[in-house]
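When a ligand or atom number is given, it counts from 1 through the structure's own listing order. Treat the numbers as computed from the prediction; the structure is a model and nothing was measured.
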Amino acid sequence: MDLHLQGRQALVTGGSAGIGLAIVQALAAESCAVAFCGRDEARIQAALQTCQGLPGAVTGRKLDVRDIQAFGRWLDELGRLDVLVLNVSALSGDWGEALSTDVQATVACAEAAIPKLLRSDAAAISYIGSMAGSLAAPTSAAYGAAKAAMAHYMKSLSARLLPKVRVNTVSPGDTLFEGGLRDRVQREEPEVFAKVLQRNPMQRLADPAEVARVVAFISCPAASFVSGANWYADGGSVAHVQF
Ligand SMILES: NC(=O)c1ccc[n+]([C@@H]2O[C@H](COP(=O)([O-])OP(=O)(O)OC[C@H]3O[C@@H](n4cnc5c(N)ncnc54)[C@H](OP(=O)(O)O)[C@@H]3O)[C@@H](O)[C@H]2O)c1
């Protein structure tokens, strides 16, 4: 299927590693130009290396999404914008970190990008949530609450911006990649990792590319009638019915 992303411009927050990097690669593989950010220059350069040879042009920027002025300057330099992927999370159970990064900074980035997206004829905002947003999380309540709040904001944003901008959430399940959270758990806390594996009916965790393909589709013009959705890419691990 042609995703009709050729000639489009995407911006991915937190694209130098993990799920964000896989999203950058998936979009660039569809000939979409992609700009991504991260805070560490070495990780940005390593990520750019992995994108060499992909048909879409990829650029990386050293930028902390909590610096909304810097984010605004980046947007100004970018020219057009068709696809915004909000991927950064503090991945923290600390309330201050979860609220300032996952909620305040992410909302500020979305609001800053909206005027530019309104000029696109195929605009999409895709937020990377988590299945944690709909599960009780006694040891990381702040993270789950932030994800739930953002899924709510995205639903409201969809209602506010349609028909000009489609807005969706993609909620990954447990995702495994070198250097990631679950990789650390696998190495350092094998008994916890065994429990994580147990709650996954696929008997394995997701590869970031499996999440990224969902994000690329939901962000592309081919998904033209999808908005206000929260798509779970969780391998069936969330057992309750989602309404
Ligand atoms: N991994 C999972 O199992 C899982 C499951 C469900 C949902 N998710 C969600 O998927 C998203 C990505 O998770 P991940 O596991 O791929 O995360 P990750 O491995 O920590 O990668 C996060 C990316 O964001 C960048 N980043 C972090 N904080 C930033 C900031 N303040 N400003 C700019 N860039 C920043 C990181 O680079 P620097 O550190 O160099 O800045 C990196 O490129 C998150 O929203 C997370 O909640 C993940």
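- With rounding to the nearest 0.5 angstrom, the CG atom of L81 is 9.5 Å from the CH2 atom of W74.
- For the pair S219 and V83, the tightest heavy-atom approach, listed with the atom from each and the gap, is O-CG2, 3.4 Å.
- Looking at S130 next to ligand 1, no N or O pair under 3.5 Å apart turns up.
- The heavy atom nearest to atom 33 (C) of ligand 1, out of those in L176, V170, L63, is found in L63.
- Across the listed options N87, I44, I128, N87 owns the non-hydrogen atom lying nearest to atom 44 (C) of ligand 1.
- Contacts between K147 and ligand 1, counted as non-hydrogen atom pairs separated by less than 4.0 Å, involve the side chain only.
- If you check which protein heavy atom lies closest to atom 8 (N) of ligand 1, you get Y143 OH, 3.8 Å.
- Here the heavy atom of the protein found nearest to atom 31 (N) of ligand 1 is D64 OD1, 3.0 Å.
- With respect to R204 and D174, no salt bridge is recorded, no charged nitrogen being found less than 4.0 Å from a carboxylate O.
- How far CG of L157 is from CE of M150: 8.5 Å, rounded to the nearest 0.5 Å.
- For the atom pair L197 CG and Q203 CD, the distance stands at 8.0 Å (nearest 0.5 Å).
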List the atom pairs, donor and acceptor, that lie under 3.5 Å between side-chain atoms in residues 105-119 and the rest of the protein, sequence neighbours left out.
{"from": "T106", "atom 1": "OG1", "to": "T101", "atom 2": "O", "distance (Å)": "2.9"}
{"from": "T106", "atom 1": "OG1", "to": "D102", "atom 2": "O", "distance (Å)": "3.0"}
{"from": "E111", "atom 1": "OE1", "to": "R160", "atom 2": "NH2", "distance (Å)": "2.8"}
{"from": "E111", "atom 1": "OE2", "to": "Y153", "atom 2": "OH", "distance (Å)": "2.6"}
{"from": "E111", "atom 1": "OE2", "to": "R160", "atom 2": "NH1", "distance (Å)": "3.0"}
{"from": "K116", "atom 1": "NZ", "to": "L75", "atom 2": "O", "distance (Å)": "2.9"}
{"from": "K116", "atom 1": "NZ", "to": "G79", "atom 2": "O", "distance (Å)": "2.6"}

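- Sorted by first then second residue, the side-chain hydrogen bond (donor to acceptor under 3.5 Å, both in side chains) pairs that include residues 32-47, not counting sequence neighbours, are E41-Q45.
- Nearest to atom 25 (C) of ligand 1 among the protein's heavy atoms is G14 CA, 3.5 Å.
- Residue R80 holds its CZ atom at 7.0 Å from CG of D121, rounded to the nearest 0.5 Å.
- Any N or O atom pair closer than 3.5 Å counts here, and R182 shares no such pair with ligand 1.
- Residue G18 approaches ligand 1 through these ligand atoms, each under 4.0 Å from one of its heavy atoms: 16 (O).
- The ligand atoms of ligand 1 that sit less than 4.0 angstrom from a heavy atom of D40 are 40 (O).
- For the pair I19 and ligand 1, the shortest N or O to N or O distance falls below 3.5 Å.
- Residue-to-ligand polar distances keep T101 apart from ligand 1: every N/O pair is separated by 3.5 Å or more.
- Of the N or O atoms in V65, one or more lie within a sub-3.5 Å distance of an N or O in ligand 1.
- Of the protein's non-hydrogen atoms, the one nearest atom 5 (C) of ligand 1 is G173 O, 3.1 Å.
- Of the protein's heavy atoms, S16 OG, 3.2 Å lies nearest to atom 37 (O) of ligand 1.
- Atoms of ligand 1 lying under 4.0 Å from at least one heavy atom of R43, given by number and element, are 36 (C), 37 (O), 38 (P), 39 (O), 40 (O).
- Backbone and side-chain nitrogen or oxygen atoms of G20 are examined, and none is located within less than 3.5 angstrom of a nitrogen or oxygen of ligand 1.
- Under 4.0 angstrom from ligand 1, the non-hydrogen atoms of R39 come from both its backbone and its side chain.
- The CE atom of M131 sits 11.0 Å away from the CD atom of Q242 when rounded to the nearest 0.5 Å.
- Screening I23, V65, L63 against T13 for a side chain to side chain contact (heavy atoms under 4.5 Å, CB included) leaves a single residue, V65.
- Using a 4.5 Å heavy-atom cutoff, the side chains of N230 and Y127 are not in contact.
- S92 and Y143 get closest at one heavy-atom pair: O-CB, 3.4 Å.
- Checking side-chain atoms of R8 against main-chain N and O of C32 turns up no donor-acceptor pair under 3.5 Å.
- Set against the non-hydrogen atoms of G38, the atoms of ligand 1 under 4.0 Å away are 34 (N), 41 (O).
- Among protein heavy atoms, the minimum distance from atom 9 (C) of ligand 1 is reached at G129 O, 3.7 Å.
- The single protein non-hydrogen atom nearest to atom 26 (N) of ligand 1 is V88 CG2, 3.9 Å, given as residue, atom name and distance.
- The closest protein non-hydrogen atom to atom 17 (O) of ligand 1 is L91 CD1, 3.5 Å.
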